[in-house]
4 protein chains.
Amino acid sequence: MKSRQEQRSEETKEQILKAAGTLFAKKGFDSVSIREIAKDAGCSHTTIYLYFKDKEALLHQLSMPSLERLYKQLLQISLMDTLTPEARLKGISREYIQFCLENRNMFDVFFNAKSTRVDELEPELEINKLRLEIFALMKQVLQDCLSMPDDELLLNFSRTFYYQLNGILSTYSYLHESIPVLMKRLEPTFDLSVEILILGFKEKISQKGNE
Amino acid sequence: MKSRQEQRSEETKEQILKAAGTLFAKKGFDSVSIREIAKDAGCSHTTIYLYFKDKEALLHQLSMPSLERLYKQLLQISLMDTLTPEARLKGISREYIQFCLENRNMFDVFFNAKSTRVDELEPELEINKLRLEIFALMKQVLQDCLSMPDDELLLNFSRTFYYQLNGILSTYSYLHESIPVLMKRLEPTFDLSVEILILGFKEKISQKGNE
Amino acid sequence: MKSRQEQRSEETKEQILKAAGTLFAKKGFDSVSIREIAKDAGCSHTTIYLYFKDKEALLHQLSMPSLERLYKQLLQISLMDTLTPEARLKGISREYIQFCLENRNMFDVFFNAKSTRVDELEPELEINKLRLEIFALMKQVLQDCLSMPDDELLLNFSRTFYYQLNGILSTYSYLHESIPVLMKRLEPTFDLSVEILILGFKEKISQKGNE
Amino acid sequence: MKSRQEQRSEETKEQILKAAGTLFAKKGFDSVSIREIAKDAGCSHTTIYLYFKDKEALLHQLSMPSLERLYKQLLQISLMDTLTPEARLKGISREYIQFCLENRNMFDVFFNAKSTRVDELEPELEINKLRLEIFALMKQVLQDCLSMPDDELLLNFSRTFYYQLNGILSTYSYLHESIPVLMKRLEPTFDLSVEILILGFKEKISQKGNE
DNA sequence: GATGAATGAGGGTTCATTCAT
DNA sequence: AATGAATGAACCCTCATTCAT
């Protein structure tokens with residue numbers, strides 16, 4: 001059982017993470033200062049260093065749980081066998097987009113490794129690993145959807161699919177609309193995009209077959 | 001006719017813009033210092049303030065000509081009637097991608113209005129106008145390609161297409177490969193993406209027709 | 001008789017002193033942090049403040065016993081009547097040098113009163129007293145060595161002798177060699193220095209006698 | 001001819017150097033902050049960075065000219081053939097001591113390379129070179145003084161001599177007396193030290209001869 | 001028109017120290 | 001007796017910007 005002190009400590013840490021998350025998302029990693037985070041978290045800026053080695057560590061501790069949560073959600077959807085593969089693909093797409101929009105330009109950090117230094121492979125690797133796993137998951141569902149072998153073509157299809165999602169994100173991640181409103185308004189368009197792609201993929205396959 | 005002094009003055013300005021453009025593209029807006037630009041431009045850092053109100057003004061003055069150049073190039077391709085509409089669409093896509101990659105994180109600035117200030121609407125609007133024109137141009141070529149009316153569906157197709165391009169960009173704009181190498185390696189994939197989309201669009205249209 | 005608690009308490013204090021001593025000696029007063037000491041002492045950094053008013057107090061409490069130990073060792077050597085006076089002088093020199101080198105930059109603190117505060121005269125005075133006693137002891141042995149009266153000349157000889165030792169120390173106290181290695185390598189040189197001085201002293205005396 | 005601006009600039013730089021010199025000498029390199037220097041120099045702390053890359057650069061720019069000046073003075077004395085070698089040696093000693101005392105614990109910096117990092121050899125090397133040259137110069141004069149070959153023994157004598165000087169310095173460099181007063185009071189003692197050493201050296205040589 | 005000099009605000013980080021438990 | 005949490009002061013350093021020339 002936790003003592004009151006421990007509880008307070010965890011609260012502080014939580015508040016720091018929360019403040020940092022919000023600020024990073026709003027302004028981008030580089031543009032947020034430690035003092036700014038501290039202010040929003042309601043503690044001294046030095047307190048942050050009690051819980052995180054440095055600014056970058058804060059970022060990584062912040063990203064990993066979110067990403068892991070995302071991955072689990074996507075995995076769950078991919079396993080729903082009550083849905084058709086195409087429905088699963090759409091579900092995954094929606095979830096992915098919604099998550100990334102909710103975390104706005106944190107998305108940059110997650111997927112573009114914006115703030116990683118080449119000489120520090122460890123933390124980067126973990127994120128990269130997750131990124132790859134998410135990509136692999138999408139590829140898997142896409143394969144189910146198209147009933148095709150796991151070949152070079154599937155890889156390229158997956159890339160195209162991945163581009164599409166990221167394109168949606170980068171197009172909308174700076175808008176100042178609230179997420180639910182945005183999702184409501186654009187979900188049909190997003191769904192259409194997925195549909196188009198699937199149609200295109202299938203057509204491409206049948207073309208290949210006819211060659 | 002310009003006096004010699006005026007000429008020199010314009011040269012300096014041009015060099016500042018050139019240096020800033022290169023640096024912003026290479027390192028991103030925030031990571032470039034005024035002194036760095038001045039050094040590359042071969043002038044004092046204070047000189048920059050003679051021509052530009054502040055760092056941000058420099059950025060905006062910088063974006064417009066580039067974007068205009070891009071627009072003209074895209075327009076040119078769209079008018080090449082020796083090419084099939086699909087070839088034109090591919091050409092435009094390649095050009096657009098290459099341009100944005102070459103200007104790397106500038107892309108953020110151009111298309112995501114990252115650094116716009118609320119109090120200065122003018123430049124922002126101009127950029128937005130161009131952005132919309134580029135979008136319209138793509139839509140036009142897409143329409144030619146699909147021989148369809150200019151309706152809601154075309155609009156959504158265009159969005160999907162636009163997403164795809166931006167997705168490619170956001171996926172690759174942080175890689176440390178040189179542009180030519182990158183383009184060589186990924187052009188087939190990019191082309192495939194465009195193909196898939198067109199196939200998907202056509203299929204969607206024929207589905208609609210059969211309803 | 002001490003209660004178990006008292007015993008534990010003293011142990012902790014002892015460990016703090018030991019850790020601080022080692023660290024100060026190795027890295028210098030300023031470069032050692034309280035937390036570092038606590039870590040090496042196996043306690044929390046706040047515990048240190050239970051036993052010592054502040055960092056400086058720790059330093060002073062630390063210096064005295066060491067210096068006293070040194071003094072006792074030197075005294076012991078000075079009383080070894082199995083040795084010739086010259087051998088005693090050499091022994092004292094070696095011991096003194098070794099001690100100071102082992103305590104490296106602590107030497108600064110001990111002998112140069114680097115970190116003394118004006119408002120707290122007590123500890124400083126004690127250190128000064130010990131310093132003077134060590135000096136007096138060397139003077140005594142030097143007198144035995146030279147069979148001369150305790151006059152102005154002896155005082156100056158003692159100073160010269162003291163300078164020599166300190167010169168050796170200040171020359172070598174920053175080297176990164178281990179003490180035993182260093183001593184082994186340079187002991188002959190140190191011994192030579194002492195010899196030279198004694199020869200010089202004797203010669204000076206005989207010159208004086210002939211005047 | 002210098003413009004007024006250039007003149008002012010040089011003045012500022014000079015004042016920074018002067019302030020830094022005094023403070024380093026008084027408190028030691030590590031214990032002096034950039035802001036402290038700026039305050040004493042009457043400028044903003046950022047101004048310091050206009051003239052010096054960083055704190056360490058300031059230190060090195062500060063040390064080199066002084067050291068070079070010292071070296072030239074010592075060299076000059078060593079070449080005065082109106083003086084006996086012994087007089088030259090005494091002169092050199094006095095000059096060296098006076099210089100080092102005037103620069104108080106800067107002496108630490110000069111001769112103990114306190115603040116040098118191993119990875120930056122350049123500046124350290126220059127100082128080391130000068131240090132060695134000064135040592136070589138003393139050795140030369142000592143050789144003239146003793147009319148002996150340049151052998152191992154001479155090297156050890158030089159070391160002993162060098163220790164003696166440094167011993168004097170380290171003994172007195174923390175006192176709060178003014179230099180002229182100090183020199184006046186202790187010069188006879190310093191001279192005596194040199195005398196003693198020379199006598200000792202000569203005696204040692206004659207001993208060797210008789211073996 | 002152009003520039004070197006100078007600055008204040010702010011960046012991340014470390015530290016000795018205090019407080020509540 | 002002992003500790004983890006927390007803090008303010010201070011560290012070096014960089015920046016965009018202004019001022020006098």
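Just so it is clear: chains get the letters A, B, ... in the order the sequence lines come, proteins before strands, and each one is counted from 1. Computed from heavy atoms alone, side chains included, the values below leave out hydrogens, waters and symmetry copies.
- Here Thr46(A) pairs with Ser44(A) under the side-chain hydrogen bond (donor to acceptor under 3.5 Å, both in side chains) rule; sequence neighbours left out.
- Considering every non-hydrogen atom in both Val32(B) and Ile37(B), the closest pair reads CG1-CG1, 3.5 Å.
- Between the C1' atom of dT7(E) and the CD1 atom of Ile48(D) lies a distance of 13 Å, rounded to the nearest Å.
- If one axis is set at each end of the helix from dA2(E)-dT21(F) to dT21(E)-dA2(F) from five pairs, those axes are 30° apart, to 10°.
- As rounded to whole Å, 13 Å separates atom P of dG12(E) from atom CG of Leu59(A).
- Straight-line distance from the CD1 atom of Ile37(D) to the C1' atom of dC13(F): 13 Å, rounded to whole Å.
- Counting non-hydrogen atoms under 4.0 angstrom, Tyr51(D) reaches the backbone sugars and phosphates but no base.
- Between the P atom of dA2(E) and the NZ atom of Lys13(B) lies a distance of 12 Å, rounded to the nearest Å.
- With sequence neighbours excluded, no residue forms a side-chain hydrogen bond (donor to acceptor under 3.5 Å, both in side chains) with Arg8(A).
- Rounded to whole Å, atom P of dC12(F) lies 14 Å from atom CD1 of Ile16(D).
- The distance between atom CG of Leu50(A) and atom C1' of dT3(F), rounded to the nearest whole Å, is 13 Å.
- Remark: Asp40(C) pairs with Ala19(C), Leu23(C) by the side chain to side chain contact (heavy atoms under 4.5 Å, CB included) rule, at least two apart or across chains.
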What one-letter contact string describes nucleotides 14-21 of chain E from 5' to 3', where B marks a base within less than 4.0 Å of any protein heavy atom, S marks contact via sugar-phosphate atoms alone, and - marks no contact?
BBBBBB-S
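- Rounded to an integer number of Å, the gap from Phe52(A) CZ to dG12(E) C1' is 16 Å.
- Residue contacts for Thr47(A): at a heavy-atom cut-off of 4.0 Å it reaches a base atom on one of the strands shown.
- In this model, the phosphate group of dA5(F) is approached by a side-chain N or O of Ser9(A) to a distance below 4.0 Å at OP1 or OP2.
- When rounded to the nearest whole Å, the span between CD of Glu10(B) and P of dG1(E) equals 12 Å.
- Along DNA chain E, the nucleotide nearest to Cys43(B) and the one nearest to Thr12(D) differ in position, and the one closer to the 5' end is contacted by Cys43(B).
- Contacts of Glu36(D) classified as side-chain hydrogen bond (donor to acceptor under 3.5 Å, both in side chains), with partners at least two apart in sequence or in another chain: Lys27(D).
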Between Gln61(D) and Tyr51(D), does a side-chain contact (heavy atoms from CB on, under 4.5 Å) hold up when you go through it step by step?
CA-CA 10 Å; Gln61(D) 279 211 37; Tyr51(D) 298 100; over 6 Å; no
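- With sequence neighbours excluded, the residues that form a side chain to side chain contact (heavy atoms under 4.5 Å, CB included) with Leu50(D) are Arg35(B), Thr47(D).
- For Tyr49(D), there are no side-chain hydrogen bond (donor to acceptor under 3.5 Å, both in side chains) partners at least two apart in sequence or on another chain.
- By the side chain to side chain contact (heavy atoms under 4.5 Å, CB included) test, Gln15(A) pairs with Ala41(A), sequence neighbours left out.
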